[in-house]
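Per chain, numbering begins at 1; letters A, B, ... match sequence-line order.
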2 protein chains.
Amino acid sequence: MEEFAAVSGISRPTVSKYFHDPDSVRASTRARIEEALERYDYRPNVYAMNQNRRLTKNVGIVVPYLADPFFAEIARNLEQRCIDAGYRPTLYSSHGIPDQEVEILDGLRSLKPAGVLLAPLGRASHKKEIERFCKAVPTVIFDSNIEGMGAAFIGSDNASFVDQTVDYLSRSGDAPCFFEMRHPANPNANKRRIAYLNRMEALGLTPHVISVPGEGWAFEEIGRQGGLQVLKRDQLTSDTVLCSNDRLAIGFLSACYERNVRVGIGEGFDLRVASMDDHPFARFTCPPLTTAAHDYEAVSNRSVETLFELIEAGGKFGTRNETLYPARLILRASA
Amino acid sequence: MEEFAAVSGISRPTVSKYFHDPDSVRASTRARIEEALERYDYRPNVYAMNQNRRLTKNVGIVVPYLADPFFAEIARNLEQRCIDAGYRPTLYSSHGIPDQEVEILDGLRSLKPAGVLLAPLGRASHKKEIERFCKAVPTVIFDSNIEGMGAAFIGSDNASFVDQTVDYLSRSGDAPCFFEMRHPANPNANKRRIAYLNRMEALGLTPHVISVPGEGWAFEEIGRQGGLQVLKRDQLTSDTVLCSNDRLAIGFLSACYERNVRVGIGEGFDLRVASMDDHPFARFTCPPLTTAAHDYEAVSNRSVETLFELIEAGGKFGTRNETLYPARLILRASA
DNA sequence: CTCAGAAATTTCCGCGCGTAAAATTTTTGT
DNA sequence: ACAAAAATTTTACGCGCGGAAATTTCTGAG
């Protein structure tokens, strides 16, 4: 940088300031630096930069399961917004393993990130370690809430997802039974079950929850196996099924196909199946899946905005607030 | 580190050496350090460490499209193996955008990685920039080959994929026509088309390639739209379709469903559909997809092994060698 | 028990930059 | 044209560690 400052005719500290924020130097100075930059393609040493900086420009993005395209999509959004804001995002996946989640946060800490966007595993997360991390690093939790942790939570309003699907299904046909995993990894699943029970009651209908066995993040397989059992034993109390999430529904549809159960609306069909999340593949299932879509845009937007506010506020908010976005019903052929 | 060295009763440089390689110090010394580590939970500053180290322990993993669970899976594999070997992997996705790919490599360079595992976009990649990168950083290319770039290439043998599926299909029913994108983003697609033509010729059969329009990485949608057109115009020359890849096939199956074309084997079915890749969702399509599976394990294993050899060899190999792994045929209900 | 050679440790310097304070220059407003 | 304000430069120090050379300690054969 010394040499580069020399050839560009500017003092080194000013060049340093330029790299910290190009707008913090005079326009004429900036022009001279950028001109010299063209000719010498100098780039500051990242490690030396971050060694003494109070705040790095690093942002950690941690999702529970990257092989789920839903998280891949949301991660892409978050990543791009961070880059646009001049930060260096780094993406991590816990791969559904609580220990790995802790390890990621542990490693993240030594990167001294300005902030972290964390979608925790949920029920399985090691709460204490996460809490400890949140105290040390400015963290915004998204997608899956853990009570009281992080400076803020941004996610989707599970009640809205359930209410819209239940309302639509029950006014267009039989009221739905609810298909879910018995031990959901994600707290959203519990909220959805409760919302289902509430909504059915509010509508004066009799709820019926079908909890199938299975743990972990292989939702499709769990949905398929559970679906096969349920269909074989004829445990459905309604010709309409609302799945707790799309990946479960994809597995359930697969089971229906195998059992020769025709899924769709109206004459010639045995079953209506709807779900929640609007998974990227939901429109390509057979039949295409009626579902409730997340407001990706809003969630990721608000998440990064909140994180930047948090960073500017010095890493602490007065109160931890939670933002929930409603769902948008997507009608397709399955229900 | 100075302080930590003091409380553990060891000199700082020795502690430094310990962190560089715990086995490089005497056992008694190591024990004392690790004991002190328990009590003070000190961790070396990553930035100061990497500032003067010849080689960092960073490894970059770059995939073309992370929202494709196939790449998410392979990335997970690679990531884990790097961690096991004591490296710090960082995952990046080009999101199907050539400029982004270049930007990632650009940013990666300032991280001074020990090596990089790169699955390039392929046809769309900015070749010159990638070549420049490969010259500066020890790089192993995987999944999608770019002639002559990187120190080695590890991927799947497209001919094996095609031969196995074509052989199976043509001996169990009508010979397949080949369904593909007109302008495939990935060079594997071209190799597969050529392999199809060759194999059909070798078997004395008449090949028929159906190229549908569409660019980018939204393969499912391209497959669906293309499928709808093909079915509407009745352009299939055979009752058996071999899709160039599973994501395309998922879209094609969706089109079949919409057009009321029954996919499966034997009586009561109109069409057999097979494909290649064994996408994580291929077993959950309706019907489940007959496909040729990558040897994930072997590809990721060999890729990281090669990278480590490359790093130990100082970043250069005498000759660039290519390793291809054969496919494994997965029979399901679709063909 | 002794001594050479190897291994471990210490001493010392510098990496490339951030940052603070003071001095100087440039810009802005009147 | 002049003073005040803003931007820039100078000066100086330190961050936390890596690495080479010098020194000490340890190991094993004689």
Side-chain angles (χ1 to χ4, degrees), chain A residues 1-37 40-58 86-88 107-114 136 311 314, chain B residues 1-37 40-58 86-88 107-114 136 311 314:
Chain A
M1 187 183 260
E2 198 81 55
E3 290 175 33
F4 174 75
V7 298
S8 59
I10 311 277
S11 75
R12 191 188 61 77
T14 304
V15 173
S16 169
K17 205 176 173 197
Y18 164 83
F19 281 111
H20 184 54
D21 175 12
D23 287 323
S24 69
V25 301
R26 212 182 301 154
S28 64
T29 310
R30 175 174 180 172
R32 285 170 69 192
I33 293 178
E34 283 171 353
E35 182 194 333
L37 223 44
Y40 297 92
D41 103 297
Y42 157 84
R43 53 180 64 193
N45 180 311
V46 177
Y47 300 104
M49 276 180 58
N50 289 328
Q51 182 172 13
N52 293 331
R53 223 202 273 280
R54 302 185 185 291
L55 233 52
T56 69
K57 281 291 191 180
N58 297 333
Y87 285 86
R88 275 190 66 99
L108 214 38
R109 227 150 76 168
S110 56
L111 288 182
K112 301 184 190 300
I311 292 171
Chain B
M1 188 183 259
E2 196 82 53
E3 290 174 32
F4 174 75
V7 298
S8 59
I10 312 276
S11 74
R12 190 192 59 77
T14 303
V15 173
S16 167
K17 207 175 173 199
Y18 165 83
F19 281 111
H20 184 55
D21 175 11
D23 288 323
S24 69
V25 300
R26 210 179 303 156
S28 62
T29 311
R30 176 172 179 174
R32 286 169 67 192
I33 293 178
E34 284 172 352
E35 182 194 334
L37 222 45
Y40 297 91
D41 102 297
Y42 157 84
R43 54 179 63 192
N45 181 311
V46 177
Y47 300 105
M49 275 179 57
N50 289 330
Q51 181 171 9
N52 293 331
R53 221 201 274 280
R54 303 184 184 290
L55 231 53
T56 69
K57 281 291 191 179
N58 297 334
Y87 285 87
R88 276 190 66 100
L108 215 39
R109 227 152 73 169
S110 55
L111 288 183
K112 302 182 189 302
I311 291 171

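Nearest nucleotide to the A/M49 side chain, out of C/dC15, C/dG18, C/dT19: C/dG18.
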Check: residues 12-20 of chain B side-chain donor-acceptor pairs under 3.5 Å, at least two apart:
| unit_1 | atom_1 | unit_2 | atom_2 | d |
| --- | --- | --- | --- | --- |
| B/T14 | OG1 | B/S11 | OG | 2.8 |
| B/Y18 | OH | B/E34 | OE2 | 2.8 |
| B/H20 | ND1 | B/R53 | NH1 | 2.5 |

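Going from atom CZ of A/F19 over to atom C1' of C/dT19 covers 17 Å, rounded to whole Å. Here C/dA7 presents its P atom at 19 Å from CD1 of B/I10, a figure rounded to the nearest Å. The distance between atom CZ of B/R12 and atom C1' of C/dC12, rounded to the nearest whole Å, is 10 Å. The distance between atom CG of A/D21 and atom P of C/dG18, rounded to the nearest whole Å, is 13 Å. Counting to the nearest Å, the C1' atom of C/dT19 and the CG atom of A/N50 are 15 Å from each other.
In terms of the side-chain hydrogen bond (donor to acceptor under 3.5 Å, both in side chains) criterion, B/N50 has no residue partners (sequence neighbours excluded).
The backbone N or O of A/G9 sits less than 3.5 Å from a side-chain atom of A/R32, completing a donor-acceptor pair.
Interatomic distance, B/L37 CG to B/I33 CD1, rounded to the nearest 0.5 Å: 8.5 Å. Summarising the geometry, atom CZ belonging to B/R109 is positioned 5.5 Å from atom CZ belonging to A/R43; distances are rounded to the nearest 0.5 Å.
Protein chain B contacts DNA chain D over a range whose 5' and 3' limits, counting nucleotides with an atom under 4.0 angstrom from a non-hydrogen atom, are D/dG16 to D/dC26.
When each of A/V15 and B/T29 is assigned the nucleotide of DNA chain C bearing its nearest heavy atom, the one mapping closer to the 5' terminus is B/T29.
Aromatic ring pairs are classed by plane angle as parallel below 30°, tilted from 30° to 60° and perpendicular above 60°; the pair B/Y47 and A/Y47 is tilted.
Residue-level contact check: B/Y42 touches the backbone only, with heavy atoms under 4.0 Å from sugar-phosphate atoms and none from bases.
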